[in-house]
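Being a predicted model, the structure only gives us computed values, none of them experimental. Computed from heavy atoms alone, side chains included, the values below leave out hydrogens, waters and symmetry copies.
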Amino acid sequence: MNKKIISELGEKKLIKLLLDKRDYKLKSTDKIIKESYHDDAALINNSSKYTVISTDLLIQHSHFPKNMTYYQMGEKVVTVNVSDILAMNAIPDSILISMGLPPELTVNEYEELTDGILDKCEEYDITLIGGDINQNTEIILCGTSIGKVNYEFKLQTDIKPDDLIAVTGELGGPAAALDLIYGNNDIPEKDKNDILNTLYEPTLPMEESQKLKQYPSLTSSITDITDGLAIELGHLNDKNKDIGFEIFFDKIPYNKNIEKVAKINNKDLKDYLLHFGEEFELLVTLNENEYYKHQDKLNNIHIIGRTNSSGKITLIKDGLKEIIPVKGYEHLKDD
C-alpha cells in the first residue's frame, strides 16, 4: 500500500490528481465550458430562467461520525449540497468543493475521499466544476451546489390551509445510528447495518423529486429535513404565520428496528423521528386534490399530516394532541 502523504505532493499535484479523474468521468460537453473547468473560474451555460445556488460546510469532528470512511465523507459533502437544490424543486447541475486537509493524510486516503465525491456526482448526474485545497488540522469539506429551474421553483411561503403534509422515505435512522455507534448496539447485525447506512451513506430521493417536478401544481412548498422534522416545521411556520401544521405520529414512516435501538438506549422514539435530522429526505406540502389525482404515481411519498389555520405545530399521538417543541440539532447553540 502507498504510504505517501499528501504534503509530499502539494496542492497543485493534488488538484491535478482530482481533475484528471474528473475529466476521465466527464460526459460530452461544450468544449469551451470543459476547458473553463481548468481555468480560474468555470463557465455555466444559462439555459434556464433561474440559476439556483446553495452551500454547505462539513467539519470532521461535527459531521463525520466514528468509523465513517474517507469515501463516505466525499459522498456526504455532495449529498448535503445537492439536497438543497432538490428543496427548490430545481434540477442539480454542478458543484464546487473546497477542502481543508491535514498534511499527514495519505495519498490513498485522499484518492478514497475524491472517489466518493466523483462517484456521487455521477450518481446525481452533476459535474464537479472546481474548488480549492488548503491545509488544516482536520478535514473540512465545503460544497457549493448549482442547479437550474424555469418557473416551477418552490418557495416556502406559499402554503395554504388544508394542504397535505408529506415526507419522502423513512425518518429516524440517523439518530438511531448514532446511538448504535456511541451507545448500546446490542441488536442483530443485519438490522444494525441497515440503520447505520442511513448515517454513513445517506442518499437523496431523486426519483421522488423528479415525480414532484412532473406535476408543478401538486406541491406548494418543499424543504429538506437536515435539521430534524420539528425544526423544519418551525421554519415553515415562521414563514407562514397563520398556518398550522398537524402531524399524525402513527403516519410517520420509519424502520421498525429503530424502536429496538431507542428501547435499549432509553430514548424516546419521538425524539428520533422529530428532533434529530441528517435525514436528506424532503418535507413537502401538497394540494390535496392534485395529490389524489396522481396518488398512484407517487410511491414513497408518505402523507403524515395536514395544514390548518391554527398557527400551531401539533402532534396527534395515541388520540391526544400536543404541541411539538421546535428543537433539534443547531450549530452554535448550547442546548
Within 45° cone and under 6.0 Å: K251 NZ/CZ vs F249 ring: no
Straight-line distance of L274 CG to I247 CD1, nearest 0.5 Å: 8.5 Å
salt_bridge(K76, E201) N-O dist < 4.0 Å: no
Single-linkage hydrophobic cluster L164~F248, side-chain heavy atoms < 4.5 angstrom: no
Point-to-point distance, once rounded to the nearest 0.5 Å, from NZ of K241 to OG1 of T157: 13.5 Å
N/O donor-acceptor pair under 3.5 Å between E322 side chain and T314 backbone: no
Atom CD of E104: over 12 foreign heavy atoms under 6.0 Å: yes
Considering all heavy atoms, the nearest E35-K31 contact: OE2-NZ, 2.5 Å
Contact check, side chains of F245 and I159, non-hydrogen atoms, under 4.5 Å: yes
Gap separating the CD1 atom of I146 from the OG1 atom of T144, nearest 0.5 angstrom: 7.0 Å
Y70 and L105: CA distance, side-chain angles, deciding distance, side-chain contact (heavy atoms from CB on, under 4.5 Å) verdict: CA-CA 10 Å; Y70 294 102; L105 191 75; 3.5 Å; yes
S220 side-chain N/O to T285 backbone N/O, donor-acceptor pair under 3.5 Å: yes
Exam field: side chain D56 to backbone C142, donor-acceptor pair closer than 3.5 Å: no
Heavy-atom pair with the smallest gap, counting every atom of I139 and P102: CG1-CD, 3.8 Å
Y254-Y272 aromatic ring centre distance below 6.0 Å: no
For S209, the option from K211, E207, K213 that meets side chain to side chain donor-acceptor pair (under 3.5 Å): K213
N/O donor-acceptor pair under 3.5 Å between T198 side chain and I195 backbone: yes
Cluster overlap I15 with L118, hydrophobic side-chain contacts below 4.5 Å: yes
Non-hydrogen atoms of T55 and G143 that approach each other most closely: OG1-O, 2.7 Å
Plane angle bin for H294 and Y215 - parallel if under 30°, tilted between 30 and 60°, otherwise perpendicular: parallel
Candidate pair N136 and M99, rule side-chain contact (heavy atoms from CB on, under 4.5 Å), full reasoning: CA-CA 9 Å; N136 196 55; M99 298 181 262; over 6 Å; no
Heavy-atom closest pair, residues G169 and P253: O-CG, 3.1 Å
Any donor-acceptor N or O pair under 3.5 Å, side chains N255, N257: yes
V326 side chain near L233 side chain, heavy-atom distance below 4.5 Å: no
Whether over 12 other heavy atoms sit under 6.0 Å from K297 NZ: yes
Nearest-0.5 Å distance, CD1 of residue I313 to CD of residue E232: 11.0 Å
Main-chain N/O of L320 paired to D318 side chain as donor or acceptor, under 3.5 Å: no
Main-chain N/O of V149 paired to K49 side chain as donor or acceptor, under 3.5 Å: no
Minimum-distance pair of heavy atoms, taken over all atoms of L86 and P92: CD2-CD, 4.0 Å
Any donor-acceptor N or O pair under 3.5 Å, side chains H61, E138: yes
Candidate pair E8 and K13, rule salt bridge (Lys or Arg N to Asp or Glu O under 4.0 Å), full reasoning: CA-CA 9 Å; E8 295 179 55; K13 286 186 178 178; over 6 Å; no
Main-chain N/O of E152 paired with N89 side-chain donor or acceptor, under 3.5 Å: yes
Trace of the salt bridge (Lys or Arg N to Asp or Glu O under 4.0 Å) decision for D179 with K267: CA-CA 9 Å; D179 276 340; K267 295 292 181 65; 2.9 Å; yes
Connected via hydrophobic side-chain network under 4.5 Å: L236 and L315: yes
Verdict with supporting geometry, L229 and I304, side-chain contact (heavy atoms from CB on, under 4.5 Å): CA-CA 11 Å; L229 182 59; I304 63 167; 4.1 Å; yes
NZ (K25) with more than 12 external heavy atoms under 6.0 Å: yes
Side-chain heavy atoms of K312 within contact of N237, under 4.5 Å: no
E111 bridged to K21 by N-O distance under 4.0 Å: yes
Worked verdict on S47 versus N45 for side chain to side chain donor-acceptor pair (under 3.5 Å): CA-CA 6 Å; S47 56; N45 189 345; 5.1 Å; no
Short side-chain donor-acceptor distance under 3.5 Å, S98 and D132: no
Side chain T106, main chain K4, donor-acceptor under 3.5 Å: no
Lys/Arg N to Asp/Glu carboxylate O, D158 vs K154, below 4.0 Å: no
Verify same cluster id: Y71, I6 (apolar side-chain graph, 4.5 Å): no
Pairwise distance CG(D186) to CG(N265) - rounded to 0.5 angstrom: 10.0 Å
CG (D242) with more than 12 external heavy atoms under 6.0 Å: no
Whether K120 side chain and T79 backbone form a donor-acceptor pair below 3.5 Å: no
Note, I301 side chain near V167 side chain (heavy atom, < 4.5 Å): no
Neighbour count above 12 (heavy atom, 6.0 Å) for K12 NZ: no
Side-chain touch Y182/P65, heavy atoms, less than 4.5 angstrom: yes
Min side-chain heavy-atom separation K16-L14 under 4.5 Å: no
Side chain proximity check, V78 to Y124, heavy atoms < 4.5 angstrom: yes
I258-I181 co-clustered via ILVMFWY side chain contacts under 4.5 Å: yes
Any donor-acceptor pair under 3.5 Å from N300 side chain to T168 backbone: no
Stepwise side-chain contact (heavy atoms from CB on, under 4.5 Å) test for I85 and I91: CA-CA 7 Å; I85 302 300; I91 299 170; over 6 Å; no
Electrostatic pair K260-D191, nearest N-O below 4.0 angstrom: yes
Considering all heavy atoms, the nearest H275-P325 contact: CE1-O, 3.1 Å
Beyond-backbone contact of K160 with N240, side-chain heavy atoms, under 4.5 angstrom: no
Salt bridge present between R306 and D163 (N-O < 4.0 angstrom): no
Residues K263 and E259 bridged, charged N to O under 4.0 Å: no
